[in-house]
Amino acid sequence: MKPSIPKGTRDFGPADMLKRNYIFDTIRSIFRTYGFDQIETPAMENLSMLEGKYGEEGDKLLFRILNSGPVLEKIREGKNDLKQGDVTEKGLRYDLTVPFARYVVMHQNEIAFPFRRYQIQPVWRADRPQKGRYREFFQCDADIVGSDSLFNEADLVSIIRDVFLRLRLGVSIHINNRKILAGISEVIGERERIVDITVALDKMDKIGIEKVNEELAVKGVSENAIIRLQPIIRMHGSNADKLEQLKEVLKNSTPGMKGVEEMETLFGILDQIHPEANEHSYPANIELDITLARGLNYYTGAIIEVKVADQRSQFTSSICGGGRYDDLTGIFGLPGVSGVGISFGADRISDILDEINGFPDFTTESTRVLFANFGNEEAVFALKMVNRLRDEGISAELFPDAAKMKKQFGYADGRKIPYMVMIGSEEMKTGQFTLKNMESGEQSHVAWDELLHVLK
RNA sequence: GUGAUUGUAGCUCAGUUGGUUAGAGCGCCAGAUUGUGGAUCUGGAGGUCGUGGGUUCGAGCCCCAUCUUUCACCCCA
């Protein structure tokens, strides 16, 4: 039997775990300082909680779990009267936001709103794996539900800055607003085509303005509308400049003007909190980007996306995204609760830090001292010493077999254990243990007190 | 879902137009050194060439299918 794991999944060895925990710990500690509480939800949800929440494409990418019971046999027997519910009624979670919405509705009576929660768990998508794309990956989400205030958006942007400053990774934080996109569609006379328009706009920095116009035409957007769109998408200048221009362009669109007003408020706050972070400032500029669309269709207000902007990295896809969703809990029966949140893609961040050698040195030793094993009697004595050291908070281990010294020293070498202690019959008699510094090769005879002193 | 790409020892990879018994480096094991590692030297083990079919006198190499790897599109963290 040749061992294997499913496509798009990975094992994480001890070295990988150090990297992953470094990212998780950084993000988690920042979430905490912003007052977020942690929750977890099950890996699987009832399919009815997931289907229809991520658009047509998302439904295709859901991992569905085969029902237990006699379903498989029925399928093998070729019974054709099976309904979907007979075959599958559960699925692996696709993101953390929808399960969170479900959680909020189910636990609404226990929650003090506004509720700030964070969640770090894996999600699964039946996508074709490729660069920066896995079938199992971790998201680190922070959401605030039960408050319309734009101070929440400002907090989330601050979190993003803190995280990437701490990780020493240059990024660009793009912010837009769904209402502005709606307004643009409206004023160019293509209100119904907002989805096609935003999907095309989103590709601007990837395929360029010509190809975007082509795609718009293919999708059936009128030539006139495309012409009227040009000055809008070519808009440039400072964030304040863009907002002024948008005010003029969108003056006949009620939602559009609402979006501009929201962005004015948000950027007003951000300008005061992060006066140095505007326009093109390294390492984390904040930019109003009207070509930013984001795929998830539940966003209604601000949308946020973070891209790497670091000379050391070639990575282009987004590493963090989020936005405001006015009525996510509505579909689960709790209308009128607004939420806003962000999600960090831990695996992509890890890939990038790998690429740029951005991880710190993880020199943390796992075992401080290894006791050699010279046979049963000596080993039992050594194990007593090992346990006394453990009681002192020093990580110690006994080599389990009375193998050759060459083998035991080789093991200490491979594990990068800094000290070895040898207790043979002579040492047992005298109470003077042989202590060896594995790096310098120095060897000395020490009693218990001295041993403890050196190792501490 | 569409289009490419990859698979040979534990790992990284050679392997000529199809031609005897498929190689190297690293790692592993043993010995030189029976209580001393990271260096060196000597020797050794380890392969149904992803899997299943096919073409051929003969296939690691050619053909088909399938799985897997990586990448682009779609979409996304």
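Throughout, a chain's letter reflects where its sequence line sits, starting with A, and its residues are numbered from 1.
As judged by a 4.0 angstrom heavy-atom cut-off over every strand, A/F344 is placed among residues making no nucleic acid contact. Across all strands, A/S318 comes closer than 4.0 Å only to sugar-phosphate atoms, never to a base (heavy-atom distances). Nucleic acid contact class of A/C320 (heavy atoms, under 4.0 Å, all strands): sugar-phosphate only.
Between the P atoms of B/G53 and B/G10, the separation comes to 23 Å (whole Å). To the nearest whole angstrom, the two C1' atoms, one in B/U48 and one in B/C57, are 22 Å apart. Comparing B/C49 with B/U68, their C1' atoms sit 15 Å apart, to the nearest whole Å. Rounded to a whole angstrom, the distance from the C1' atom of B/A45 to that of B/G31 is 14 Å. Taking atom P in both B/C26 and B/U66, the straight-line distance is 41 Å, to the nearest Å. Across B/G38 and B/A72, the matching P atoms stand 44 Å from one another, rounded to whole Å. B/A22 and B/G46 are spaced 14 Å apart, taking the C1' atom of each and rounding to whole Å. The P atoms of B/U70 and B/C61 are separated by 24 Å, rounded to the nearest whole Å.
Here the C1' atom of nucleotide B/A77 and the NE2 atom of A/H174 are 15 Å apart, to the nearest Å. For the pair A/L62 CG and B/C75 C1', the interatomic distance rounds to 13 Å; values are reported in whole Å. In this structure, A/I304 atom CD1 and B/A77 atom P are separated by 13 Å, rounded to whole Å. Summarising the geometry, the separation between NZ on A/K404 and P on B/A30 is reported as 6 Å, rounded to the nearest angstrom.
Paired with A/D127 under the rule salt bridge (charged side-chain N to carboxylate O under 4.0 Å, His left out), one option of A/R133, A/K7, A/K60, A/R135 passes, and it is A/R133. Applying the salt bridge (charged side-chain N to carboxylate O under 4.0 Å, His left out) test between A/E45 and each of A/R93, A/K90, A/R102 identifies A/R102 as the sole match.
Under the Watson-Crick or G-U wobble criterion, with both distances below 3.5 Å, B/C11 is paired with B/G25. Under the Watson-Crick or G-U wobble criterion, with both distances below 3.5 Å, B/A4 is paired with B/U70. Pairing of B/G52, defined by two Watson-Crick or G-U wobble distances under 3.5 Å, is identified with B/C64. Nucleotide B/A32 has B/U40 as its partner under the Watson-Crick or G-U criteria, with both atom distances under 3.5 Å.
By the neighbour-count criterion of 12 heavy atoms within 6.0 Å, atom CE of A/M106 is sparsely surrounded, having that number or fewer from other residues, nucleotides or ligands. The local environment of CZ in A/R191 is sparse, with at most 12 non-hydrogen atoms from other residues, nucleotides or ligands closer than 6.0 Å. Counting heavy-atom neighbours within 6.0 Å of A/M49 CE, excluding the residue itself, gives a total above 12.
No side-chain heavy atom of A/F138 sits under 4.5 Å from any side-chain heavy atom of A/L96.
Annotation: salt bridge (charged side-chain N to carboxylate O under 4.0 Å, His left out) contacts of A/E377 (sequence neighbours excluded): none. Qualifying side chain to side chain donor-acceptor pair (under 3.5 Å) partners for A/K416, counting only residues two or more places apart in sequence or in other chains: none. A/K404 is linked by a side-chain contact (heavy atoms from CB on, under 4.5 Å) to nothing, counting only residues two or more places apart in sequence or in another chain.
A/D202 places no side-chain N or O within 3.5 Å of a backbone atom of A/L292 that could act as its donor or acceptor partner.
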Going 5' to 3' along nucleotides 47-52 of chain B, which nucleotides have protein heavy atoms under 4.0 Å from the base (write B), which only from the sugar-phosphate (write S), and which from neither (write -)?
-> ---S--
Heavy atoms under 4.0 Å is the rule here; annotate nucleotides 33-41 of chain B 5' to 3' with B where the base is hit, S where only the sugar-phosphate is, and - elsewhere.
-> --BBBB---
Going 5' to 3' through nucleotides 68-74 of chain B and flagging B where a protein heavy-atom sits under 4.0 Å of the base, S where only the sugar-phosphate is that close, and - otherwise, we get SS-SBBB
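A/F344 has its ring centre less than 6.0 Å from the ring centre of A/F164. Aromatic ring centres of A/Y118 and A/F31: separated by under 6.0 Å.
Note that A/R116 lies outside the cation-pi zone of A/Y34, set by a 6.0 Å cut-off to the ring centre and a 45° limit from the axis.
Under 4.0 angstrom from either OP1 or OP2 of B/A30 there lies no side-chain N or O belonging to A/K407.
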